[in-house]
Amino acid sequence: MKEEFSDHPYISYEFEGNDIPPEKYFVSFKNIKGLRLFKDEKTDEKELQVVTEHKIEIYLHSDYPRLKPQCNLLSGAFHPNFRMASPNDICIGDYWASGETLVDIIYQVGEMITYQSYNVSSPLNGIAAKWAKENLNMFPIDNVNLRQPEIEISLL
């Protein structure tokens with residue numbers, strides 16, 4: 001985590017407690033576009049807006065990596081695979097492979113925020129899934145490449 005995200009232009013993280021490895025991570029995505037549903041206080045109408053800051057929480061329970069970690073959205077997002085009601089969980093896939101790393105999960109969630117990745121077949125948010133099916137021409141919301149290129153070493 002430290003090696004991957006210490007100087008990352010879009011992703012940063014913190015963790016809770018003194019345990020090594022930590023059980024809970026807080027990940028921030030900045031300057032990447034995603035969607036959030038806002039409610040107009042005067043008219044009660046809902047409107048989609050582009051937002052560029054997003055926060056998630058990843059809890060590594062005692063069965064991780066055998067079972068997938070618990071991922072929750074701390075900032076709102078409008079996405080088929082993000083639940084808008086409590087506990088605001090994120091579906092990081094219907095199938096889990098224990099070889100997926102925490103770094104992989106963070107990149108996957110970032111790609112979901114930008115609509116580079118989404119699944120409308122088994123959504124947590126049916127309204128967002130229906131909207132996504134009807135608005136395919138809008139995706140991705142952001143084309144940013146979150147995955148840092150590997151440093152090439154040339155031998156002379």
Side-chain angles (χ1 to χ4, degrees), residues 1-41 46-120 122-125 127-129 131-132 135 138-151:
M1 290 282 292
K2 186 176 182 180
E3 184 178 311
E4 188 74 20
F5 298 119
S6 63
D7 292 321
H8 199 286
Y10 305 107
I11 302 171
S12 62
Y13 74 95
E14 299 174 337
F15 54 86
E16 184 175 272
N18 296 322
D19 296 337
I20 302 295
E23 286 185 340
K24 195 178 284 188
Y25 288 86
F26 300 95
V27 181
S28 297
F29 299 88
K30 294 188 185 215
N31 300 318
I32 66 167
K33 295 176 189 169
L35 297 174
R36 194 170 298 157
L37 195 59
F38 287 92
K39 184 177 178 183
D40 186 315
E41 299 296 325
K46 295 180 181 174
E47 177 182 308
L48 274 179
Q49 293 181 1
V50 173
V51 291
T52 58
E53 292 192 18
H54 319 273
K55 293 187 182 213
I56 65 167
E57 170 189 87
I58 301 174
Y59 174 66
L60 304 177
H61 48 72
S62 60
D63 288 327
Y64 173 81
R66 192 171 52 79
L67 299 176
K68 65 182 166 184
Q70 181 179 353
C71 299
N72 297 313
L73 187 64
L74 300 178
S75 59
F78 187 73
H79 190 281
N81 309 115
F82 295 179
R83 190 182 318 270
M84 288 178 50
S86 185
N88 301 97
D89 52 326
I90 300 169
C91 179
I92 56 172
D94 293 335
Y95 304 100
W96 172 251
S98 60
E100 291 184 61
T101 67
L102 188 54
V103 169
D104 294 330
I105 294 165
I106 291 169
Y107 282 135
Q108 178 184 354
V109 171
E111 290 164 355
M112 291 167 75
I113 289 168
T114 62
Y115 276 82
Q116 293 176 30
S117 172
Y118 58 95
N119 177 357
V120 294
S122 58
L124 290 177
N125 182 337
I127 295 168
W131 179 86
N135 292 280
M138 293 182 64
F139 305 139
I141 301 296
D142 197 334
N143 284 317
V144 65
N145 181 8
L146 297 174
R147 297 177 190 262
Q148 296 295 292
E150 304 236 351
I151 298 171

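All values below were derived from every heavy atom in this structure, side-chain atoms included, with hydrogens, water molecules and symmetry-related copies excluded. Small disclaimer: the values here were computed from a predicted structure and weren't measured.
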Approximate separation, where rounding is to 0.5 Å, of [X] [atom1] and [Y] [atom2]:
X: Ile11; Y: Lys30; atom1: CD1; atom2: NZ; answer: 12.5 Å
X: Glu111; Y: Asp142; atom1: CD; atom2: CG; answer: 11.5 Å
X: Asn81; Y: Leu73; atom1: CG; atom2: CG; answer: 12.0 Å
X: His61; Y: Arg66; atom1: NE2; atom2: CZ; answer: 9.0 Å
X: Met84; Y: Arg36; atom1: CE; atom2: CZ; answer: 10.5 Å
X: Glu47; Y: Lys39; atom1: CD; atom2: NZ; answer: 14.0 Å

Any side-chain heavy-atom pair of [X] and [Y] under 4.5 Å:
X: Val144; Y: Gln116; answer: yes
X: Glu16; Y: Glu57; answer: no
X: Ile105; Y: Pro69; answer: yes
X: Val50; Y: Leu35; answer: yes
X: Trp131; Y: Met138; answer: yes
X: Phe29; Y: Thr114; answer: no
X: Asn125; Y: Phe78; answer: yes
X: Asp94; Y: Asn119; answer: yes

* List the steps and the verdict of side-chain contact (heavy atoms from CB on, under 4.5 Å) for Met1 and Ile106. => CA-CA 10 Å; Met1 290 282 292; Ile106 291 169; 3.4 Å; yes
* **From Thr52, Leu146, Ile141, residue fulfilling side chain to side chain contact (heavy atoms under 4.5 Å, CB included) relative to Ile32** =>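 It is Leu146, the one option of Thr52, Leu146, Ile141 that forms the side chain to side chain contact (heavy atoms under 4.5 Å, CB included) with Ile32.
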* **side chain to side chain contact (heavy atoms under 4.5 Å, CB included), paired with Cys71, selected from Ile90, Asn88, Ile56** =>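 It is Ile90, the one option of Ile90, Asn88, Ile56 that forms the side chain to side chain contact (heavy atoms under 4.5 Å, CB included) with Cys71.
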* To do: Measure from the side-chain N and O atoms of Ser98 to the backbone N and O of Pro65, and report whether any donor-acceptor pair falls under 3.5 Å.
  =>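 Side chain of Ser98 to backbone of Pro65: no pair is present.
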Within the supplied structure, the quantity of interest is the number of heavy atoms (other residues, nucleotides, ligands) at a distance under 6.0 Å from [X] [atom1]; does it exceed 12?
X: Ile127; atom1: CD1; value: no
X: Glu14; atom1: CD; value: no
X: Asp63; atom1: CG; value: yes

Closest heavy-atom contact between [X] and [Y]?
X: Ala132; Y: Val120; result: CB-CG1, 4.0 Å
X: Phe26; Y: Leu74; result: CD2-CD1, 3.7 Å
X: Ser75; Y: Glu53; result: OG-O, 4.2 Å
X: Tyr115; Y: Pro80; result: OH-CD, 3.6 Å
X: Gln108; Y: Arg147; result: N-NH2, 4.2 Å

* Give the ring-plane orientation class for His79 versus Tyr118, where under 30° counts as parallel, over 60° as perpendicular and anything between as tilted. =>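 Plane angle over 60°, so perpendicular.
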* Under 4.0 Å between a Lys/Arg side-chain N and an Asp/Glu carboxylate O for Lys68 and Glu100? ->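 No salt bridge links Lys68 with Glu100.
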* Is it true that Phe5 and Tyr107 have ring centroids separated by less than 6.0 Å? ->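 Between Tyr107 and Phe5, which both carry aromatic rings, the centre distance is below 6.0 Å.
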